[in-house]
Amino acid sequence: MAATSMAQALNTALRDALDADERVVVFGEDVGRLGGVFRVTDGLADTFGDRRCFDTPVAEAGIAGLAVGMAMAGFRPVVEMQFDAFAYPAFEQIASHVAKFRNRTRGTLALPMVVRIPYGGGIGGVEHHSDSSEAYYAHTAGLKVVTPATVADAYSLLREAIEDPDPVVFLEPKRHYWTKEDIQLPLSTEPFGTAAVRRPGTDATLVAYGPAVAVALAAARAAAAEGLDVEVLDLRTLVPLDDHALTASVRRTGRCLVVHEAQGFAGVGAEIAARVQERCFDALRAPVLRVTGLDIPYPPPLLESAHLPGTGRVLAGLRRVLPDGGQGVRRPIPASPVEPAAGHRAFLLPDLGEGLAEAEVLEWTVAVGDSVTHDQTVVEVETAKSVITLPTPFAGTVTALHCRAGEIVKVGAPLLSVAEAAPESESGAVLTGYGTGGARRATRNGVAPTETNRTSETSGPKAARQPGLRLPLGAAAEKFVRAHRDTPAVTIWADADATALLAARDTLGTGLLPLLARACLAGLAAHPALNARVDDARSEIVRLPQVHLGFAAQTDEGLVVPVVRDAARLPLDDLATELRRLTGLARDGALAAEHRTGGTFTLNNYGVLGVDGATPILNHPQTAMLGIGRLVERPWAVDGRVEVRKVVHLSLTFDHRVYDGGTAAGFLRHVIDGITAP
């Protein structure tokens, strides 16, 4: 199995069809050398030549007319309309000729052609770039209308569309071009006219297709947290429509809610509601309802979230079709579905702030049977805002992991269970008022147990006279002072599109830190001047032959900077292994001296703390530090259009005595190239 995006699956389907049948041709605006606006046709012209995959003038009516003529001549044309609303100039050809030819010739002349249309919203596109036009085509007799919601269906249904003897309008949900599934191509899913139950349920049926299927599934999962069991039916093809599956599902549940992005008035949902009412009237326990886009022209990007049906609107619709707003069918769910045994504690996903309700588990750093200490990092999770490492509030032995990597976990759901260790024995007062057991654990947050007790006793004027808590400066404090005092540091920064970096992480099965370290090391190889130190006594710059890469690691005792020796010589897998090993040693307090000193360059990944940017102090005597901020979703210009991309903030702090801004900018640009095209 391989992680395959919907765009890659469509590309493979076209490639396999071109290879299997010499009559298949692919054409449209920019589908040749450019590979299409969304790169769905990438590489086809190089492989099959510009007689099989070629560009056309910007004339959609002409593209459709050319396809009609080629299909009549025995070819199987597959044409692309760049965006949904760009197809409207071709609608006369599609409605008057493409859809009518078999009927016009009394069945003697078929018209095997496919019109591919990226459709729907969710990418921040402007007017004419986000329409949901399926009702126009579904209402036009003579056309088959297909809209996949999964990567597997994208491949299988497109192959079937190309082989079909009749014209097919193939609507591709553009917001899911980058959605990935672990599949092995080629494959074959159910044929045209077959709906799929994506989630079985008993309380209500959510009917959806194309981009709305993901919204329906998210709403069903949210409803499950309220004790509701909701079925999700993916229609897959609008023409032909699977009446049997639709009827069977609604008869099982007795309730139906239709979800789609297009406007509600005279939309496909109206036809579905009518059919359900006609065929399931005796089984219905509530009116059939719809959750759709608003009856307005598609709004500007900043307003599209209000226009498109989201999880909240779908949940509200479900509550309307359920008795007592869903109270009548809810099954009680305990606050914590895990009941730990005596002496065991369950670590629940904490409230991550900013209104975040869930997180995806990326990687466990512990396994069942491992011993953990207070505040030891046990799991890395990713929210809609950033990647976060979570420390356990309990010490002891891990007895269970309640979710796997890749699963979505709700706030308050259990992550792991720990059999708590016996309390640490107290050895007496080492410092006045402090012990070495429970008291030491309390002071990790900077407050002694006795202080907590004193607070309630010393409110009012007397409180101002109480002595403050005194703590020694850390060992690194003097280094920070010296670096700040003696180094003329400058910070430059830039943002980078991290979409390819995240894809590389999934493809290679490694973490983000090794990939960031590899990009950093490539930048140092291209700009070795940054791998240097200053000999103040001799007023000389010392260029260093080896790269000993330091990286910031958060531990119970604060920030530690382990050093990977000769990092530039390590392949990616070995580099990832060494980063994990040194992080574990640092958190266990077992880092050897050779890995605590001697660093020549530092990679500071402060993004895991939820920080966008910083101007850090250099790690003396190093002369440069690369900072990595958190990953956030932002509007990003891609080939002249705006998309929502994962963007990361990079900063480079450097000693201006050693090199100028041009060299520093060249290094930062090299790192950005390594992130955008790893």
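Side-chain atoms are counted along with the backbone in the values below, which use heavy atoms only and exclude waters and symmetry mates.
The CZ atom of R251 sits 11.0 Å away from atom CZ of R279, with the distance rounded to the nearest 0.5 Å. To the nearest 0.5 Å, the span separating CG on L502 from NZ on K180 amounts to 9.0 Å. To the nearest 0.5 Å, atom CG of residue L66 and atom CD1 of residue I63 are 8.5 Å apart. Atoms CG and CG, on L111 and L143 in that order, are 10.0 Å from each other to the nearest 0.5 Å. To the nearest 0.5 Å, atoms CG (L206) and CZ (R255) are separated by 12.5 Å. In this structure, W636 CH2 and T499 OG1 are separated by 9.5 Å, a value rounded to the nearest 0.5 Å.
With a 4.5 Å cut-off on side-chain heavy atoms, L157 and F192 count as touching. A heavy-atom distance below 4.5 Å is found between the side chains of P173 and Y119. S156 is listed as a side-chain neighbour of L187, based on a closest heavy-atom distance under 4.5 Å. With contacts defined as side-chain heavy-atom distances shorter than 4.5 Å, the pair H97/R104 qualifies. Side chains of L349 and K410 form no contact here, defined as non-hydrogen atoms less than 4.5 Å apart. Looking at T140 and I94, their side chains never come closer than 4.5 Å, going by heavy atoms from C-beta outward. Side-chain atoms of L44 and R15, non-hydrogen and from C-beta on, do get closer than 4.5 Å to each other. Contact of the L217 side chain with the R198 side chain is registered, since non-hydrogen atoms from C-beta on lie closer than 4.5 Å.
Under the 6.0 Å distance and 45° angle rule, R39 does not count as a cation-pi partner of Y177.
Residue V40 is tested with Q8, R116, M6 for a side chain to side chain contact (heavy atoms under 4.5 Å, CB included); the sole match is R116. Among T12, T4, T150, D16, the single residue meeting the side-chain hydrogen bond (donor to acceptor under 3.5 Å, both in side chains) criterion with Y155 is D16. If you run salt bridge (Lys or Arg N to Asp or Glu O under 4.0 Å) between D495 and each of R634, K646, R630, only R634 comes through. The one candidate from F170, F86, Y137 that meets the side chain to side chain contact (heavy atoms under 4.5 Å, CB included) condition with I117 is Y137.
For F83 and H128, the ring centers sit 6.0 Å or farther from each other.
Under the 3.5 Å distance criterion, with hydrogens and angles disregarded, a donor-acceptor pair is assigned to the side chains of S249 and E231. Using a 3.5 Å distance cut-off with no hydrogens or angles, the side chains of T189 and D153 do pair a donor with an acceptor.
Judged by distance alone, the side chain of D203 and the main-chain N or O of V230 form no donor-acceptor pair under 3.5 Å. Distance alone, capped at 3.5 Å, is enough to place a donor-acceptor pair between the R285 side chain and the T253 backbone. Of the possible donor and acceptor atoms, one in the side chain of T47 sits under 3.5 Å from a partner among the backbone N and O of G43. Put simply, the side chain of H176 never gets that close to the backbone of K174: no donor and acceptor are under 3.5 Å apart. Put simply, the side chain of T676 never gets that close to the backbone of D497: no donor and acceptor are under 3.5 Å apart. Side-chain N or O atoms of R641 include one that pairs as donor or acceptor with a backbone N or O of V638 at under 3.5 Å. Here the side chain of E181 pairs a donor or acceptor atom with the backbone of V151 at under 3.5 angstrom. Side-chain atoms of D295 come within 3.5 Å of backbone atoms of F265 as a donor-acceptor pair (strictly under, hydrogens ignored).
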Could you walk me through whether V26 and E80 satisfy the side-chain contact (heavy atoms from CB on, under 4.5 Å) test, starting with their C-alpha distance in whole Å, then the side-chain angles of each, then the deciding distance to 0.1 Å, before giving a yes or no? CA-CA 8 Å; V26 176; E80 176 181 305; over 6 Å; no

Could you go step by step and tell me if E304 and R175 meet the salt bridge (charged side-chain N to carboxylate O under 4.0 Å, His left out) rule? CA-CA 13 Å; E304 72 174 354; R175 74 156 83 181; over 6 Å; no

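Between D46 and R33 there is a salt bridge, with a side-chain nitrogen of the basic residue lying less than 4.0 Å from a carboxylate oxygen of the acidic one. Salt-bridge formation is detected for the pair E382/R505: a Lys NZ or Arg NE/NH1/NH2 atom is positioned less than 4.0 Å from an Asp or Glu carboxylate oxygen. For R199 and D229, the salt-bridge test passes: some basic side-chain N is under 4.0 Å from an acidic carboxylate O. Of the charged side-chain nitrogens involved, none lies within less than 4.0 Å of a carboxylate oxygen, so that E160 and K144 do not count as a salt-bridged pair. Salt-bridge formation is not detected for the pair R236/D242: no Lys NZ or Arg NE/NH1/NH2 atom is positioned less than 4.0 Å from an Asp or Glu carboxylate oxygen. Ion pairing between a basic and an acidic side chain is recognised when a charged N comes within 4.0 Å of a carboxylate O; E226 and R319 show such pairing.
Using cut-offs of 30° and 60° on the angle between ring planes, the pair H260 and Y209 is tilted.
Scanning all heavy atoms of the two residues, the minimum distance from V79 to A67 falls at CG1-CB, 3.7 Å. Considering all non-hydrogen atoms of both residues, L233 and V197 come closest at CD1-CG2, 3.9 Å.
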